[in-house]
Amino acid sequence: MGGKVSCTLGEVKNRADFILYWGGNPAECHPRHFTKYTIMQKGKFLPEGRKGRTMVLVDIRETMSVKAADIFLQVRPGKDFEVITALRALVKGNRVDTALVEETGLKLEQLQDLVDRMKRCKFGVIFFGMGLSMTRGKHMNSAAVLTLAAEMNAFTKFVAMPMRGHGNVAGADMVLRWTTGYPFGVNLCRGFPRFNPGEFSTVDLLVRGDIDAAFVLGADPGATMPQPGIDTLARVPTIVLDPKVTHTSRLARVHITTSVTGISSPGTAYRMDEVPLPLRPVLKSPYPSDEEVVRRIIAAVDKKTAWLPRPETMSSGVA
Amino acid sequence: MLRITGGKVYDPANGINGEVRDICIADGKVVANVEGGRTIDANGMIVFPGGVDIHTHVAGAALNFARALTPENQRVAAKFMRTKDTRMGIGGQTPTTFATGYLYAGMGYTTVVEAAVPILSAKHTHEELRDTPIVDKACCLLMGNNELVMDLLEVGEYEKAKHTVAWLISAAKTYGIKAVNPGGVAAWKFGKDAKQIHSPIDGYNKVNPGTIIANLAKIVDELGLPHPMHLHCNNLGVPGNVSTTLETMKLLEGNRAHMAHLQFHAYGGDDWHNMRSESVQLAEYFNAHPNLTCDAGAVLFGNAVTITADGPWQHLLYQLTGRKWGNLDVENETGCGIVPYTYKGSNLVNAVQWAVGLELLLLINDPWRIFLTTDHPNGACFWRYPEIIHLLMHADIRRERVRALPDAALSRIYLADLDREYTLYEIAIITSAGPARALGMKQKGHLGVGADADIAIYNQNPDGELMFRYPRYVIKGGEVAVEEGEIRSVKDGHEFVCQPSYDEKIEDYLKPVFQQQYTMSFENYPVEAERVHGMQIAECSYHKETRTGAPEGDSPRTTPPSGG
């Protein structure tokens with residue numbers, strides 16, 4: 001089995017002499033990634049900086065990130081899982097069918113060269129983006145690439161990290177884990193947490209229309225969800241907390257304008273490597289922070305009669 | 001105001017052994033007398049100081065990683081329904097923070113020490129501890145693989161290293177430090193380990209694990225930290241590692257140290273097929289060296305999740321078990337590995353581990369120096385402590401369990417030969433008075449006047465497991481937190497931190513090095529005091545000249561613990 005073998009970004013900066021980006025375009029989507037953390041930095045064990053590192057990019061088309069890469073491998077769309085599986089076989093020294101590899105748009109020699117470089121490096125890292133994790137195969141692709149990184153540790157040091165973005169998504173994930181035990185897709189309707197991605201994930205609940213109200217904080221599902229999901233948001237009472245007008249706020253029943261966290265209100269944001277960073281306001285805002293609004297809503301809800309049966313009323317109900 | 005009357009009081013720190021006497025409480029403290037207020041009739045009950053867990057993993061990035069990695073455990077774990085007073089949550093191997101507070105309090109424990117905090121994510125740990133209700137908390141900072149410190153030791157800059165350690169503790173707002181596989185985790189950053197105490201660590205010419213251990217122990221004592229260096233030795237879990245453990249202990253002569261989860265460091269043999277218990281040899285050395293304390297790190301059969309900063313060991317465990325593996329190396333500081341694990345009675349290695357934990361608890365003759373832990377959730381979950389207490393109190397039940405082990409295990413363990421049975425007085429020492437003293441928490445682990453009113457009251461029962469699993473009342477800070485198996489008061493606990501003094505010029509040295517080696521700005525690195533909920537600063541008042549060890553086994557102290 002695989003798992004998740006990772007590190008904080010400083011380890012990449014100080015040690016990674018082999019960097020592989022898969023299904024992502026950091027030059028445009030994470031524009032500071034190259035310069036702050038990965039290829040351009042001089043690290044403690046990489047005094048030469050860029051010269052001491054090899055960068056490989058795997059994607060289905062040439063993006064702006066290609067210019068920064070030493071090697072670019074163009075995979076046929078939807079064939080990532082096959083390429084990773086072939087790599088895992090080559091890493092273990094198993095025979096791989098040339099014809100099967102060629103269906104992916106790559107040649108066996110290219111993959112063998114990649115594996116040789118991976119085994120030769122002192123510290124390798126794979127960053128994978130939504131071009132891998134959200135295309136054909138989805139979580140199977142993520143699991144495969146994480147397993148590849150885990151198995152590489154039999155030969156040399158290797159880690160993998162998803163290229164997370166979208167504001168503080170890593171922070172939401174962290175808080176959900178310590179309060180509910182699960183990272184996302186959590187259902188609290190029974191008074192305790194249940195987890196079932198595909199059933200309780202936001203997109204599934206919205207598309208099925210299983211909800212009768214929506215509270216949207218720090219996200220714009222109206223811009224990214226499938227149309228049936230957006231229709232559900234428009235149908236039910238939707239409340240949006242956002243500093244600006246968004247696709248979701250336009251179809252919401254209520255939009256509360258809040259101050260921008262990190263500019264006008266304090267807080268914490270988690271980087272993609274799950275390192276927390278303090279946010280300190282530099283400007284004053286006439287608007288309340290998200291936290292203040294949520295606290296006031298909680299206080300107002302607390303004044304209402306509880307709908308949830310309490311232990312003392314439950315027994316009489318059963319009798 | 002509160003009076004507990006009619007109960008048999010076990011307060012080893014004050015030499016009280018089962019005497020029936022009243023305990024009076026006012027303003028969250030034990031006082032000599034109170035007029036009025038509630039009276040709890042504790043007739044037929046026993047009264048203990050609230051439990052103190054000296055080594056557990058209940059909060060922080062590593063545990064939160066484990067939660068995400070094992071949803072299958074959460075699915076079958078106990079559920080906590082939201083009620084008027086309590087939050088929803090999940091128990092199991094890696095309980096959610098709110099559930100952690102309820103579970104500890106529900107077992108009579110009122111103080112817990114999170115044993116492993118990286119500085120880089122200390123903000124996160126404090127956030128989780130803030131959401132851990134009822135109990136008081138403290139945490140230990142991971143220091144055994146800190147490259148800032150190791151680089152200074154490499155060039156012989158001991159004083160600078162000392163100020164750096166002090167600065168880091170102050171910055172991270174922790175109570176003490178812990179060294180995990182010193183040097184080994186740093187070497188793991190390039191896929192190596194540090195197996196020899198006296199061989200240089202990969203990437204260094206002079207620094208070896210021994211250098212780190214000896215220097216950190218000295219630094220902790222010189223800084224006057226109330227708790228000694230908390231040490232997870234090299235070669236955890238490996239057959240034959242007792243030699244490493246003994247070598248390490250020899251390095252520590254002249255300084256205090258707390259040996260964490262000693263069970264995992266007490267094996268003989270040289271491979272998995274001939275691994276055996278070396279508890280007798282280890283206990284003999286330990287008994288003769290009062291500068292050391294330890295916790296058991298006992299194992300119980302069943303499911304566990306192994307979580308440790310010991311990255312290389314977890315890679316080995318991943319290869320051995322073929323189960324999933326989580327790893328998170330933290331820049332310049334430490335690592336973290338997670339592998340779910342099942343201890344089976346039919347497995348020889350696991351059988352030896354199970355026996356070793358109990359053997360150490362029985363063979364180390366001074367209960368003031370060995371404390372009950374399972375290195376939660378590594379050896380077993382903390383909420384299974386009552387099972388261990390029951391075994392400690394009954395030699396016949398232990399022998400019955402030994403008979404169920406595979407025959408091949410019997411020649412490798414000593415457990416069946418041990419007749420010692422713990423008394424209630426000794427149980428109160430290993431679960432409360434002892435760990436509180438080793439932590440230097442003068443207000444914890446006893447019921448003398450001035451102590452924090454953290455008290456567990458149990459229905460006296462010959463079945464120790466049943467008795468300690470379901471306290472009749474738990475009082476935390478003078479409030480009845482648990483009564484008749486229900487959570488009553490969910491006040492937040494305090495968090496204890498130390499702020500050792502350092503030369504402020506150390507920042508001039510640290511800042512440029514930091515900017516070069518880290519990916520966060522220097523100003524963002526320290527945890528602001530406002531982030532530590534209910535922070536109480538403990539004094540760094542340990543002096544080497546004063547008492548270092550603990551008193552003789554059965555001689556009860558008549559004064560409250562001085563805390564060193």
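Each chain gets a letter, A, B and so on, in the order the sequences are listed, and its residues count up from 1.
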Would you mind telling me which of Lys189(B), Glu128(B), Met88(B), Lys123(B) has the largest number of heavy-atom pairs within less than 4.5 Å of chain A?
-> Lys189(B)

Could you state the interatomic distance from CD (Gln516(B)) to CD (Gln41(A)), rounded to the nearest 0.5 Å?
-> 10.0 Å

Proximal component of Asn73(B), with respect to chain A [non-hydrogen, under 4.5 Å] = neither

His124(B), part contacting chain A, at a heavy-atom distance under 4.5 Å = both

Region of Phe158(A) in contact with chain B, defined by heavy-atom distances below 4.5 Å | neither

For Asn524(B), is it the side chain, the backbone, both or neither that has a heavy atom under 4.5 Å from a heavy atom of chain A?
-> both

Under a 4.5 Å heavy-atom cut-off, does chain A meet the side chain of Phe65(B), its backbone, both or neither?
-> both

Bottom line for Glu486(B): the part with an atom under 4.5 Å from chain A's heavy atoms is neither

Enter the distance from Lys36(A):NZ to Thr519(B):OG1 here, rounded to the nearest 0.5 Å.
-> 7.0 Å

So how far is it from Lys44(A) NZ to Asp151(B) CG, rounded to the nearest 0.5 Å?
-> 3.5 Å

d(Leu9(A) CG, Met520(B) CE) to nearest 0.5 Å is 10.5 Å

Non-hydrogen atoms of Tyr182(A) and Arg75(B) that approach each other most closely = OH-N, 3.4 Å

Where on Lys13(A) is there a heavy atom nearer than 4.5 Å to chain B: the side chain, the backbone, both, or neither?
-> side chain

Check ion pair Arg271(A)-Glu331(B) (N to O, under 4.0 angstrom) = yes

Side chain, backbone, both or neither: which part of Val275(A) has a heavy atom under 4.5 Å from chain B?
-> side chain

Hey, does the Lys NZ or Arg CZ of Arg15(A) hover above the aromatic six-ring of Phe190(B), less than 6.0 Å from the centre and inside 45° of the axis?
-> yes

